[in-house]
There are 2 protein chains.
Amino acid sequence: MTAAPDGPADRAPSRPVRTRRGRGPGDARRPVYDAGSLVTVAVAEFNTRGYDATSMEDLSRAAGISKSSFYNHVSGKEELLRAALQRALDGLFGILEERAAQNGPPLERLLHIVRRQVEVLTSELPYVTLLLRVRGNTDTERWALARRRAFDATVASLVADAISEGQVRATVQPWLAARLLSGAVNSITEWYRPGRAGAENLPDDVVRMVSGGILPSA
Amino acid sequence: MTAAPDGPADRAPSRPVRTRRGRGPGDARRPVYDAGSLVTVAVAEFNTRGYDATSMEDLSRAAGISKSSFYNHVSGKEELLRAALQRALDGLFGILEERAAQNGPPLERLLHIVRRQVEVLTSELPYVTLLLRVRGNTDTERWALARRRAFDATVASLVADAISEGQVRATVQPWLAARLLSGAVNSITEWYRPGRAGAENLPDDVVRMVSGGILPSA
DNA sequence: GTCTATAAGGAGATAGAC
DNA sequence: GTCTATCTCCTTATAGAC
């Protein structure tokens, strides 16, 4: 699973976020900003206030530098958005590349994807959160929306396969099952926080509920 | 159920939206704007572009009048937002007032609420969609978020009751069931459109899936 | 009620000194 | 790399004529 190399991105730092550019032993005394750590800062701000409501001034203040210094590292607001959405999409599409997502009976592949989707969602929380809130105002946003739709379509066709092969009971239309499945899984971004008590076995819990019911009759 | 008195709010009108102020037979020749129809227009724009990305210029253009004429009817952007969110919240909290939501075994009350929530979601689609996207940047947004949380908390405590009374099998923690339940139901706003084929029995279908599983083993 | 014109401030982004 | 100062455009909102 992809870990967050920049550290927790869910908390806006109170001090400047700097990463070290090591050049050898004894020479690591010049901490500098890099584009990666600024993306981390920006994503946290975007998720707090919303992308459109977050100004470059907000971002530079959160990073602890002036607005024009901030521009020395990134070309603009949209570049930050794109980098963040790229990371979220890489995490999600990476799941589809996994062997367990490509081989075996549809239902098993599907449940593997669901389980892994929950894992990526929690490990890449700020990035996926941002992705799920994109509206489509710019080219970058429309690109992300299209990629997201492609991911959902893959899952939906797997749901259809699992039903047509008789592994899943067809209680409703396949597309509706796929929609509610995605809706339930994606909604995790709205409340999950790292270290949240009771969420240690979230992937298994989610799989159990989509299989056996969220409110199964006793 | 509350019907939309202002007509379909999901389509931005190409011509000015006017409502008639009747003063008697033969005197209905002066169509005027009213705050209600402007809210309808505004909500459609907010849902298309996002609240923050929608300017008063956008709104007035969608209504077919100039920006300053628009200001003659509403005090500002936030008033429009508040009116829309109020309507969404009224729809949701109205459910909790219904007899079937207040009397009987917890599971039956819960399933009634789910069914009705799907109905309100679809009948008041643009308003609820807007509500579910609110981030919390202004007092109005924070008020809406708090009210929404209160609604969710009511549902969550009903889930807990249904489990502790043995009507629902406790496969996971009650709060997790409640979260996924809300997530699945609320996600309907992301794809449902009035008249959508296959969604004629949406409330029943949703109840069936949360009870028996979205992907029940055959 | 509607309009044009404009005020007042905030936005993204750049210039150029240090 | 960082800063202050500034440009230009867009935003909310109002003034005042018709």
Side-chain angles (χ1 to χ4, degrees), chain A residues 13 15-23 27-39 41-42 45-46 48-84 135 137-141, chain B residues 13 15-23 27-39 41-42 45-46 48-84 135 137-141:
Chain A
R15 288 177 306 113
V17 170
R18 295 165 186 259
T19 55
R20 291 184 175 281
R21 182 156 59 194
R23 295 186 190 181
D27 194 17
R29 56 184 153 68
R30 210 158 99 77
V32 294
Y33 295 92
D34 63 15
S37 63
L38 292 184
V39 170
V41 171
E45 296 293 304
F46 291 160
T48 301
R49 263 171 287 221
Y51 175 73
D52 290 304
T54 304
S55 71
M56 292 300 276
E57 179 79 42
D58 292 330
L59 296 182
S60 61
R61 199 183 310 116
I65 55 179
S66 74
K67 195 167 54 157
S68 56
S69 294
F70 197 89
Y71 271 105
N72 211 290
H73 300 283
V74 299
S75 73
K77 203 171 150 182
E78 198 164 359
E79 180 199 294
L80 291 163
L81 179 64
R82 179 164 196 115
R135 302 285 327 131
N137 289 327
T138 65
D139 283 339
T140 296
E141 298 188 38
Chain B
R15 289 178 305 112
V17 171
R18 295 164 185 261
T19 55
R20 290 184 175 280
R21 181 156 61 193
R23 296 188 191 180
D27 195 15
R29 54 184 154 69
R30 208 158 101 78
V32 294
Y33 295 93
D34 63 17
S37 62
L38 292 184
V39 169
V41 171
E45 296 294 305
F46 291 159
T48 300
R49 263 172 287 222
Y51 175 73
D52 290 303
T54 304
S55 71
M56 291 299 276
E57 178 80 41
D58 293 328
L59 296 181
S60 63
R61 198 183 313 116
I65 55 180
S66 73
K67 197 167 51 158
S68 57
S69 293
F70 198 88
Y71 271 105
N72 212 289
H73 300 283
V74 299
S75 73
K77 206 170 147 183
E78 197 164 359
E79 181 199 295
L80 292 163
L81 179 64
R82 178 165 198 115
R135 304 283 330 128
N137 290 328
T138 65
D139 283 340
T140 296
E141 298 186 38

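Quick note: numbers below take in every heavy atom, side chains included, and nothing from hydrogens, waters or symmetry partners. The chains referred to below are lettered A, B, ... by the order of the sequence lines, with proteins before strands, and numbering in each begins at 1.
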Check your understanding: With sequence neighbours excluded, what pairs up with B/D52 under the salt bridge (charged side-chain N to carboxylate O under 4.0 Å, His left out) test?
Key -> none

Check your understanding: Between the side chain of A/K77 and the main-chain N/O of A/T54, is any donor-acceptor distance below 3.5 Å?
Key -> yes

Revision key, fill the gap. Across all chains, not counting sequence neighbours, the side-chain contact (heavy atoms from CB on, under 4.5 Å) partners of B/T140 are B/E78, B/L81, B/R82, B/L85, B/T138, B/W143

Revision key, fill the gap. Heavy-atom contacts, protein to nucleotides 11-18 of chain D, under 4.0 Å, summarised as B (base), S (sugar-phosphate only) or - (none) per nt, yield SBBBB---

Review point. In chain order, what residues pass the side chain to side chain donor-acceptor pair (under 3.5 Å) check against A/E57, with sequence neighbours excluded?
Key: none

Practice item. Measure from CG on A/L81 to P on C/dG12 and round the result to the nearest Å. Key: 13 Å

Exercise for review: Return the set of residues passing ring pair (Phe, Tyr, Trp, His ring centres under 6.0 Å) with B/Y51 (not counting sequence neighbours), or none when no residue passes.
Suggested key: B/F46

Review point. Would you say B/S66 reaches C/dT2's phosphate, i.e. side-chain N/O to OP1/OP2 under 4.0 Å?
Key: no

Side-chain donor-acceptor distances from residues 63-72 of chain A under 3.5 Å, at least two apart:
{"residue": "A/S66", "atom": "OG", "partner": "A/S69", "partner atom": "N", "Å": "3.3"}
{"residue": "A/S66", "atom": "OG", "partner": "A/S69", "partner atom": "OG", "Å": "3.1"}

Point to revise | Atom pair distance, as rounded to whole Å: CZ in B/R61 and P in C/dC3 | key: 13 Å

Check your understanding: To the nearest Å, how far apart are A/E79 CD and C/dA13 C1'?
Key -> 14 Å

